Structure formats: C-alpha cells, structure tokens
Amino acid sequence: MKAKVCVYFVSRPDVATTTQWLAPIVWEGTFDLTVIDGIYKQQNITVAITVFALGKYVRFLKDFLDSAEQHFMVGYRVHYYLFTDRPDEVPVVTLGEGRQLTVIKTASSNRWQENSLRRMELIEKLIEEKLRNKADYIFSLDVDSKFYAHWGAESLGDLVGALHAWFFGTSREQFTYERRPESQAFIPIEEGDYYYGGAVIGGRLDKVFKLAKTCRMQLEVDRANQIEAVWQEESHLNKYFLYNKPTKVLSPEYLWDDKKEKPSFMKVVRFSQVVKNYAEIRPNP
Ligand SMILES: CC(=O)N[C@H]1[C@@H](OP(=O)(O)OP(=O)(O)OC[C@H]2O[C@@H](n3ccc(=O)[nH]c3=O)[C@H](O)[C@@H]2O)O[C@H](CO)[C@H](O)[C@@H]1O
Ligand SMILES: [Mn+2]
C-alpha cells in the first residue's frame, strides 16, 4: 500500500487547532476520517450516550434521536441511556444496526436547575452500576439539541470538552465562571482557558466517571453551604476542566446554537441547541 505522508499540514490557518497544552481542537478540515476510522473500527468500540428528558423536555427527543441516528457515530456500536419521568412519551425511533436504547425511569424535579445538575450524579451511578465492561466511551449530551452533520470518531478521546458557542473568542474575563469564592466552582478572574458548555461531556468511561463523581461531590458541598453555582453543573465542569485539562477539545461546530449567526470560521454545524421557549418548557423561571 502506498502511504501518503504529509509532513507539513496547516489546514485551518483561521482558527487555533491546538490548546496551549497541545490537545487538538477539532475543526472541519483538521482530520482525515478514513485514518481515524481505521484506528477505532479495529478496536470494536461501544459508545454510550446519556440523554436526559425530564418533564416537558421529552418533546425534544424525537428530533434528537432521529438526527443522532443520521449523524452520530454512524457505523459504531451506540447505546443510548435515556433518563425520563415520562417513559410513555418516548417516541418510537427506528435504530440502525448495532444501536440500542435503554429507558431509565427517573423522577423529575420542580426546578430545572436541579434536573440539569443532577445529571452528574446519574452519570456517575450509571457508569458505576451498569456500564463497566459494557462501553468504552461515553458522551452526555443536552436533549434540546439536534444533529445537522457528521459527528464521528474524530470526537473520541480520554477526556473531551466542547467550546461553548457564545463564549468562543471572547476574553477570559467575560466567561461566566462562578466568581464567588464561597462556591466550590469558584475560578479567580485571572484564571481559565476556555468556557466549556455543559451540554457536551465525553471521554473514556473511567475519566468521565471521575469527572462526574468530582462534580457531584462539589455540588453537594455547595448545597450544604447553601450556595448554587451560577450555571449549576456547568460551572463545576469548568472548574474541573481547569485543573484536569481535556485531552481533546471540540470546536463550536459540536456545540452550536440555532439562534446564533454563523461566522466564516464555522464551515459546518454538527450539533446545535434548538430554539426553545424557556417560560413554556421549564418547570420554574
Ligand atoms: C449549551 C449548553 O452548554 N447548555 C448548558 C446551559 O444551559 P441550557 O439552557 O442549555 O440548559 P437546559 O435547559 O437545556 O438544561 C440542560 C439539560 O438538562 C435536561 N433538563 C433540564 C431541565 C428540565 O426541566 N428537564 C431536563 O430534562 C435536558 O437534557 C437539558 O438539555 O447550562 C445548563 C446548566 O445551567 C447546562 O449545563 C446546559 O448543558
Ligand atoms: Mn440545553
């Protein structure tokens, strides 16, 4: 076989493609999918994905699942773990070969903040009790979202975070980190690398387990001290990633927002938050 060797490769001069700790930042044009699939296909991996649809958020499931079937890790073994208090309202979706879905009945809270932050504890438990030896990688993804284009094995890594669309390119002082020292999620104004979105967390099982467990414990300390971080578990996630750097960072292609205008560096939107009516969908303001 003739190998094509590329010794000098600057495919995206318009954006940063590595972090300061030399983790890749994944953008369209920075990877060769044939090479990447060659690595992961022979490892015969299974990717678990957690989705939470509590309360009225079940309405997002249809588009989420249909579009995931079209674009997410196609050609790999994928196991959805769907947490909901409304199993009867889970839509029927035809899954591709090698893909399965398990519904886990979970109580909903009357506070949306609680539904969002409790994901850490539930992910921790799922990995500990059900996933050992059942999956190699795991992603936790917001359900109020849709896939619009390919999301594949280029996203895999030991510990994976995604750059929040609204904070990409803004200066560190503008990041909405938790700024009160009383919270375990506190990050001083002169610190921080990126603002990561809580909507996408990924990596190898053991790495995500440690992340979820640490954030769950920090959330508990905050609760005991009667303080809730400004963006709940997303604040704790940002604190975690500051001291435990992701080994791969997904560009905003992997965490876009339908409401946001697309700058020229966005060659493709892969996964994006859909427009929602907060007042109507959430159990509390
Ligand atoms: C794009 C992005 O990074 N979004 C993050 C952001 O706001 P968001 O406005 O995206 O938060 P959100 O309302 O989508 O809640 C996060 C997720 O929790 C689940 N859910 C939430 C409430 C509810 O009543 N039922 C339910 O099922 C659902 O899977 C949802 O996608 O901040 C949140 C914490 O404040 C989370 O970290 C989100 O991931
Ligand atoms: Mn969301």
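Remember, it's 1-based here, ligands and their atoms both numbered in the order they're listed. Quick caveat, the model's predicted, so the values are computed rather than measured. FYI, side chains are in, hydrogens and waters are out, and symmetry mates aren't considered; it's all heavy atoms of this structure.
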Next on the checklist: Heavy atoms only, cut-off 4.0 Å: how does Gln113 contact ligand 1, side chain, backbone, both, or neither?
Outcome noted: neither
Item to check | Polar contact flag for Leu255 and ligand 1 (N/O pairs, less than 3.5 Å) | outcome: no
Item to check | atom 27 (O) of ligand 1 [closest protein heavy-atom partner, distance rounded to 0.1 Å] | outcome: Leu54 N, 2.8 Å
Checklist entry - Quick one: do Leu101 and Leu61 end up in the same hydrophobic cluster if we chain Ile, Leu, Val, Met, Phe, Trp and Tyr together by side-chain heavy atoms under 4.5 Å apart? => result yes
Item to check | N or O pair under 3.5 Å between Gly55 and ligand 1 | outcome: no
Item to check | Shortest protein contact, atom 28 (C) of ligand 1 (heavy atom only) | outcome: Phe52 O, 3.3 Å
Next on the checklist: Between ligand 1 and Ala53, can you find any atom pair, the residue atom being a heavy atom, that is separated by under 4.0 Å?
Outcome noted: yes
Next on the checklist: I'd like the name of whichever of Glu228, Arg111, Arg282, Glu234 reaches closest to atom 8 (P) of ligand 1 through any heavy atom.
Outcome noted: Arg282
Checklist entry - Quick check: does Trp112 get an N/O under 3.5 Å from an N/O on ligand 1? => result no
Checklist entry - Can you find an N or O of Pro283 that's nearer than 3.5 Å to an N or O of ligand 1? => result no
Next on the checklist: Closer than 4.0 Å to some heavy atom of Asp142 - which atoms of ligand 1 meet that?
Outcome noted: 4 (N), 10 (O), 14 (O), 16 (C), 17 (C), 31 (O), 38 (C), 39 (O)
Checklist entry - At what distance is the nearest protein heavy atom to atom 15 (O) of ligand 1, and which residue and atom is it? => result Ser116 OG, 3.9 Å
Checklist entry - Any idea how Phe147 and Phe72 line up, ring-wise: parallel (<30°), tilted (30 to 60°), or perpendicular (>60°)? => result tilted
Checklist outcome for this item: Hits for side chain to side chain donor-acceptor pair (under 3.5 Å) against Glu154, two or more places apart or cross-chain, chain-then-number order -> His150, Tyr254
Item to check | No-hydrogen, no-angle side-chain donor-acceptor test under 3.5 Å, Ser272 and Asp258 | outcome: yes
Checklist entry - Considering only heavy atoms, which of Phe167, Tyr57, Tyr278, Trp256 lies nearest to atom 21 (C) of ligand 1? => result Tyr57
Item to check | Identity and separation of the nearest protein heavy atom to atom 31 (O) of ligand 1 | outcome: Asp144 OD1, 2.9 Å
Next on the checklist: Counting non-hydrogen protein atoms only, what is the nearest one to atom 37 (O) of ligand 1? Give residue, atom name and distance.
Outcome noted: Glu233 OE2, 2.6 Å
Checklist entry - Looking at Gly197, which atoms of ligand 1 are within less than 4.0 Å of one of its heavy atoms? => result 3 (O)
Checklist entry - Are Glu69 and Arg99 close enough for a salt bridge, meaning some N to O gap below 4.0 Å? => result yes
Item to check | Set of residues satisfying side-chain contact (heavy atoms from CB on, under 4.5 Å) with respect to Asp222, sequence neighbours excluded | outcome: Ser183, Gln184, Ile227, Ala229, His236
Checklist entry - Just heavy atoms, cut-off under 4.0 Å: does Lys56 contact ligand 1 by side chain, backbone, both, or neither? => result neither
Checklist outcome for this item: Gln232 heavy atoms within 4.0 Å reach ligand 1 at atoms 34 (C), 35 (O)
Checklist entry - Which atoms of ligand 1 sit under 4.0 Å from any heavy atom of Trp231? => result 34 (C), 35 (O)
Next on the checklist: Please enumerate all residues that pass ring pair (Phe, Tyr, Trp, His ring centres under 6.0 Å) together with Tyr40, with sequence neighbours excluded.
Outcome noted: none
Checklist entry - Can you list the ligand 1 atoms lying under 4.0 Å from a non-hydrogen atom of Val143? => result 28 (C), 29 (O), 31 (O)
Item to check | Tyr80 and Phe64: CA distance, side-chain angles, deciding distance, ring pair (Phe, Tyr, Trp, His ring centres under 6.0 Å) verdict | outcome: CA-CA 11 Å; Tyr80 301 90; Phe64 178 94; 7.1 Å; no
Checklist outcome for this item: Near the Mn ion (ligand 2), meaning under 2.8 Å, the protein N/O/S atoms are Asp142 OD2, Asp144 OD1, Asp144 OD2, Gln273 OE1
Next on the checklist: Membership question, hydrophobic clusters at under 4.5 Å side-chain separation (ILVMFWY): are Tyr76 and Leu65 in the same one?
Outcome noted: yes
Checklist outcome for this item: In this structure, atom 2 (C) of ligand 1 is nearest to the protein heavy atom Ala199 CB, 3.5 Å
Next on the checklist: Students often mix this up, so state it plainly: with edges at 30° and 60°, are the rings of Trp21 and Tyr194 parallel, tilted or perpendicular?
Outcome noted: perpendicular
Next on the checklist: Check for me, please, whether Tyr177 and Trp166 land in the same ILVMFWY cluster - side-chain distances under 4.5 Å, paths through other members count.
Outcome noted: yes
Checklist outcome for this item: Partner of Ser116 under side-chain hydrogen bond (donor to acceptor under 3.5 Å, both in side chains), picked from Glu233, Glu234, Gln232, is Glu233
Item to check | Test item: side-chain donor near acceptor, Tyr137 and Arg204, under 3.5 Å | outcome: yes
Next on the checklist: Quick check on Trp231: does its CH2 atom have over 12 non-hydrogen neighbours (other residues, nucleotides or ligands) under 6.0 Å away?
Outcome noted: no
Checklist entry - Under 3.5 Å, is there a donor-acceptor pair between the Thr46 and His79 side chains? => result no
